[in-house]
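The structure appears right after this line, and notes come after that.
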Amino acid sequence: MSRLTVIVLCLLVTGCPSVGSPLLLDHAVPGAGSARGGEEVTLVGTGFVQGTTVTFDGQAVSSSWFDDETLVVFTPRGVAGFVDISVERPDGARSTVDAAFEFVALDPVFLEASPSALPVGGSDLYENVAAGDIDGDGDPDLLLGGPPGGLWVWDNQELGRFVGAGTIAASVAGLAAVDVDGDGIDDAYLCGAEGAYDRLLLGGPEGFSDAPLPGLVGVNDCVAVVSSDLDADGRVDLAVLATDTTPSGELRSFVRVLRNASDASGVRLSTHDGLADAVPAAGPFGTVISEGAASSVLVDAAPGLLLGAATGRLSASFGAGGGTAGVSLPGPFFAAPQGVELLLDGREGFEVAVRVVDAGGERFTWVAPDAGAQSVLTGPLSVATASGDGVFDTPVQSVDLLVTTTTPATLNLFVDDVVLVTDLGRFRVQDFEQWEHALSATPPDAALAVGDLNFDGTPDLLLGGLSGLRAHLAGEGTASSWGMPGYASDAGLVFPDVADAIVGLQILPSAGGVDVLVQTTGADRLFRVGGGAVTDRSDLLDAGPSEGVSSTMGDLDLDGLPDVLLLQEGPDGVLHQHPEGYEDWSLRLPSGEGRSLAGAVLDVDRDGDDDVFVLKGAGPHSLFLGVEDGEEAR
């Protein structure tokens, strides 16, 4: 804006100070208010004009001009502590007062909402809950999910009254509401149970729409999904906790990281498997195939170069005339094959084919087109090489991955996830992950948390299971791939033994460093991490045995320190964190008896403080509205 334009505009405004007059913010009245926000504050100073903007610590607020010495504003939601206030005129003049206003922490209690406002029914069908604005109207909605019941969408209307908006058939063992595509509206990531594949549902004003995901994104038996910006690129990533069976028949937990590289061209999630302590020299990944002059054929697990931290490797040597090398992955899969998906690296110069063998031994072959060194390959199976009646008879006995060359060569082919596309859906044939990823675990006795455990500014992963706790620190020991930091188990960060099964983990930034709250089926534990060591600070917890089920975090008093909602077999609990330690706030939550399965902390009525939703295993669910002590529910 030119100086002449500013002069003209200024002269048209009644009470406009002369051009060049100083702008000075002096003080705010009152100088303190609730961290909930929404309170009227008068700013006193000189040189104010219409159009003067106001920010609290950089957060813009609505303001009304009264005269050249007075502005009236409404405070935003804040965090307990002092904030700077800045004013800026249209001519660019600016004035700031440091620590001009103090946000005061809330002292909340929780009142039970009317049953007419709650999601109803289906308590025995749903096991988890997520909260997010999935329709873009500014109100947080609720998503209820479970393997038997699918996904139930509850639309938040009239500031805290929920109306059923339909169900979606899906196997939902883990659920997250998060903005994957960056459009400002939350989406739903569903990870499946019992071998079901994951789904990503994009939120929008007209409801959910399916986003295509490659079959290699699927997990085995999912336990939980956690969202965080793991690679610091401004887009939220996903960490999925799941279980797999080792060759010896032992159930192990592992983590699959999904890096989010979505942009205006569409949703893009790349898979990063692993977190293994060591890669075995060989694994039982099927039967080796060697034809012609192919020798030294080996199939094992190896670091995946561009494919993630863990992948399969097919290696072979070819003499004069070349030959065929491969691996046969056993079934059976009781479905009719329609195609195959796999991600390859190192195929240049070789022909790649997938052969499917039916119940009668008849072979059907699909030849991958030459699509470069890296490709997601999919397409119909060809019957051109079938020897028999040409009709596929279920079940699928085996899926064979074959690589052929006509010249002498050395092969190192990396493959991540072999997925068979069938009339009944996708079946993972092999994921090359059968080693100890993390811990012994049997759902639901497994947990995952994300947070900075070693104070280096990067989010780390913490896993809990039947054999205790294990930290995987970002950037240590494992090379990064596709921009995702590598993770490795840190032997120096050893947690004390936990006798009971772990069902919930929370990493809590605290005044003393970083605390880890471990919720178990017995007594909860608290460990403090600092200086490369772990100390047991369970003495800071007042509660006795909890019979825990799960937990979730939220800043209930808006003091900048996270509090924890503890879901339990009996009455639920609230662990309040303050600068001096922890306090039991359970009596503030009028929760009843009965098993609580999951919970969410959200501001359902947009009054500036957090409310609590609890998914019950039997009987009605519960919604508790947070209010200041002594205040009526809004």
Side-chain angles (χ1 to χ4, degrees), residues 126-130 143-151 170-178 188-200 217-228 230 237-246 250-258 271-276 310 428 431 433-451 460-472 487 498 500-507 516-521 548-553 567 595-600 615 617:
Y126 300 95
E127 299 176 356
N128 45 56
V129 62
L143 302 175
L144 278 57
L151 182 71
S171 178
V172 189
L175 177 62
V178 62
Y189 192 90
L190 286 55
C191 62
E194 300 174 356
Y197 276 80
D198 299 1
R199 293 178 68 181
L200 175 62
V217 171
V219 300
N220 292 65
D221 288 323
C222 174
V223 178
V225 57
V226 178
S227 59
S228 180
L230 297 172
D237 309 299
L238 297 164
V240 178
L241 176 65
T243 57
D244 201 359
T245 304
T246 68
E250 184 177 7
L251 198 64
R252 298 281 183 175
S253 64
F254 70 95
V255 172
R256 169 170 286 143
V257 172
L258 303 178
T271 306
H272 293 259
D273 301 329
L275 310 185
R428 175 179 290 110
D431 60 6
E433 293 175 340
Q434 294 175 330
W435 58 74
E436 181 180 346
H437 295 274
L439 297 167
S440 298
T442 303
D445 298 333
L448 170 67
V450 177
D460 308 304
L461 304 177
L462 181 65
L463 299 98
L466 296 177
S467 52
L469 294 167
R470 178 173 296 172
H472 288 268
Y487 290 86
V498 178
D500 301 300
I502 296 172
V503 295
L505 282 177
Q506 301 295 342
I507 298 176
V516 173
L517 178 67
V518 185
Q519 190 184 24
T520 79
T521 53
V549 176
S550 66
S551 62
T552 189
M553 284 196 304
L567 287 310
R595 180 180 173 85
S596 298
L597 299 179
L615 179 69

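Please read these numbers as outputs of a predicted model, since none were measured by experiment. Hydrogens, waters and symmetry mates play no part in the numbers below; they use all other heavy atoms, side chains included.
- To the nearest 0.5 Å, the span separating CG on L200 from CG on L190 amounts to 9.0 Å.
- The shortest distance between side-chain heavy atoms of V223 and L448 does not fall below 4.5 Å.
- Scanning all heavy atoms of the two residues, the minimum distance from G464 to I502 falls at CA-CD1, 4.1 Å.
- Atom CG of L597 is separated from atom CG of L144 by 10.0 Å, given to the nearest 0.5 angstrom.
- Here the CG-OG distance, from D198 to S171, works out to 10.0 Å after rounding to the nearest 0.5 Å.
- Using a 4.5 Å cut-off on side-chain heavy atoms (C-beta onward), T521 and V503 make contact.
- To the nearest 0.5 angstrom, D237 atom CG is 9.5 Å from S227 atom OG.
- Heavy-atom minimum distance, E127 versus A598: O-CB, 3.8 Å.
- Proximity of L175 to L151: side-chain heavy atoms (C-beta onward) are separated by under 4.5 Å at one or more points.
- Across every non-hydrogen atom of S596 and V549, the tightest pair is O-CG1, 3.2 Å.
- Considering CZ of R470 and CG of L461, their distance stands at 13.0 Å, rounded to 0.5 Å.
- Note that CG of D500 is 4.0 Å distant from OG1 of T520, once rounded to the nearest 0.5 Å.
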L241 vs V226, side-chain contact (heavy atoms from CB on, under 4.5 Å): CA-CA, chis, key distance, verdict: CA-CA 8 Å; L241 176 65; V226 178; over 6 Å; no
Could you walk me through whether V518 and L505 satisfy the side-chain contact (heavy atoms from CB on, under 4.5 Å) test, starting with their C-alpha distance in whole Å, then the side-chain angles of each, then the deciding distance to 0.1 Å, before giving a yes or no? CA-CA 5 Å; V518 185; L505 282 177; 3.9 Å; yes
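- Looking at every heavy atom in both residues, G599 comes nearest to L567 through N-CD2, 4.0 Å.
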